[in-house]
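Just below is one structure, and these are the notes that go with it.
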Amino acid sequence: MNPLRTLLLPLLFSGATFAQTTVEVSSFAFSDGVHPTFSFFFEGTDTKYVESYWRDELKKISAAVSNKKEVIGHAALVPQVSGDTVRVYVKAEQRRNSPNLTAHVAIMTTAGFVGPNSEARALDGAKTFVQQRSTALRRQLAEQELSLAERGLSKLKGELSDLQRDKERAEANIEKSRQRAAEAVQEQERTRVEADELGPRIAALQAELDGTPDKDGAKELSALIRDKDRAQSRNRKAREEEVSMQKKEAELTQAIRKNVEDQANKSSEIAKQETLVATLREKLSTIR
């Protein structure tokens, strides 16, 4: 299975089943006590990423931001909550080995922490403040999921294209191997005939020279023997070439069978990845 899809499928299905799209009023134990909070559920991320996002957001509106046991925006300007500056606490909570987490945001005004019993303006403003940023973060995460899935799809398509080219090359090499094997058979016949024709000539000249010293005759005999040896050597090499090409053809044929199987598997992976990409695009389009 493609590792990108392996990573994304749990995110997709956990998100489809449990995704929270609105802020919930709850409470959380921060380092200085339990405070009412506005929580938001995220899938497919971790505490560092979420808290880093909130830290960057708080830096835009706060006089200072601390990040020890939790992220705190000091003297933050959140007009929809209060005309005075407020303090914003953020802590992300995640169970071990879980791809999901809950981000808790507490807002302290001069009247205390905003919660269910706060005046409607402050309560609604706090919900809106957290909702806007949580939705933006959720969209950011969805865009990353989609981008990762699209890269995975592109990678799979590239791998399929490579397999197709490999198959074409193997088919072309099979044809070349067959041609070379056929040429080797022809060479075997030529060299066999050549060696067969030289045999009687060598025998006749040996008989003629038997016991009769003849420098020119001996030179001619030596040349004939050398020519026969060369013909036999070429014949042997041609036989070896035929066997080699037959073996290569068999190997390439097996490689093509494996390639066809790999292409089928890769096409199946692509179809699944395309479904994943389409689903993630739909998921992204619903985040507003």
Side-chain angles (χ1 to χ4, degrees), residues 1-9 147-277:
M1 176 176 284
N2 184 280
L4 296 175
R5 196 174 68 257
T6 302
L7 171 64
L8 284 171
L9 282 174
S147 177
L148 182 60
E150 289 174 333
R151 290 200 302 273
L153 178 58
S154 178
K155 181 174 181 292
L156 287 171
K157 288 182 176 180
E159 290 170 351
L160 178 59
S161 180
D162 289 342
L163 285 170
Q164 291 168 338
R165 284 193 294 271
D166 289 344
K167 181 174 178 286
E168 291 172 359
R169 281 194 293 268
E171 289 170 339
N173 286 332
I174 281 179
E175 184 58 33
K176 290 179 182 178
S177 297
R178 288 173 178 170
Q179 291 175 355
R180 289 177 62 181
E183 291 169 358
V185 170
Q186 294 174 352
E187 175 69 0
Q188 288 175 54
E189 180 60 20
R190 284 195 298 269
T191 54
R192 183 191 63 77
V193 170
E194 182 179 345
D196 288 349
E197 290 177 346
L198 287 168
R201 293 176 58 189
I202 291 171
L205 186 55
Q206 285 175 329
E208 181 182 334
L209 296 175
D210 186 29
T212 305
D214 185 332
K215 185 175 182 181
D216 290 337
K219 185 176 181 181
E220 181 183 357
L221 177 61
S222 178
L224 290 173
I225 293 173
R226 185 169 60 250
D227 289 344
K228 182 181 179 183
D229 289 343
R230 287 174 177 172
Q232 290 174 331
S233 176
R234 293 201 309 273
N235 184 273
R236 184 175 59 257
K237 289 180 179 179
R239 292 198 305 271
E240 292 172 353
E241 175 76 353
E242 181 188 9
V243 172
S244 175
M245 290 303 100
Q246 289 173 339
K247 180 180 178 182
K248 185 174 182 180
E249 180 183 347
E251 291 173 347
L252 288 169
T253 300
Q254 178 60 31
I256 288 176
R257 281 197 290 267
K258 176 68 165 53
N259 181 286
V260 170
E261 293 175 2
D262 290 344
Q263 283 195 50
N265 293 334
K266 194 65 65 175
S267 295
S268 177
E269 288 186 55
I270 288 173
K272 292 176 182 177
Q273 193 76 2
E274 286 175 336
T275 299
L276 177 61
V277 168

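- Atom CZ of R180 has 12 or fewer heavy atoms from other residues, nucleotides or ligands within 6.0 Å.
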Could you list the donor-acceptor pairs under 3.5 angstrom formed between side-chain atoms of residues 196-209 and any protein atom two or more places apart in sequence or on another chain?
| from | atom 1 | to | atom 2 | distance (Å) |
| --- | --- | --- | --- | --- |
| D196 | OD2 | R192 | NH1 | 2.8 |

Report all side-chain donor-acceptor pairs from residues 215-230 shorter than 3.5 Å, counting only partners two or more places apart or in another chain.
none

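- By the 4.5 Å heavy-atom criterion applied to side chains, Q263 and L160 are counted as neighbours.
- E241 and K237 are not joined by a salt bridge, as no carboxylate oxygen comes within less than 4.0 angstrom of a charged side-chain nitrogen.
- Here the CD1-NZ distance, from I270 to K155, works out to 11.0 Å after rounding to the nearest 0.5 Å.
- Checked by atom type, the side-chain pair T253/R257 shows no donor-acceptor distance below 3.5 Å.
- The salt bridge (Lys or Arg N to Asp or Glu O under 4.0 Å) test applied to K248 returns no partner, not counting sequence neighbours.
- Between atom CG of residue L153 and atom OG1 of residue T275 there is a gap of 10.0 Å, rounded to the nearest 0.5 Å.
- Residues passing the salt bridge (Lys or Arg N to Asp or Glu O under 4.0 Å) test with E168, sequence neighbours excluded: none.
- A distance of 14.0 Å separates NZ of K157 from NZ of K266, quoted to the nearest 0.5 Å.
- Scored by the salt bridge (Lys or Arg N to Asp or Glu O under 4.0 Å) test, D166 finds R169 as partners (sequence neighbours excluded).
- Annotation: side-chain contact (heavy atoms from CB on, under 4.5 Å) contacts of K258 (sequence neighbours excluded): E261, D262.
- A salt bridge links E187 to R190: one of the charged nitrogens lies within less than 4.0 Å of a carboxylate oxygen.
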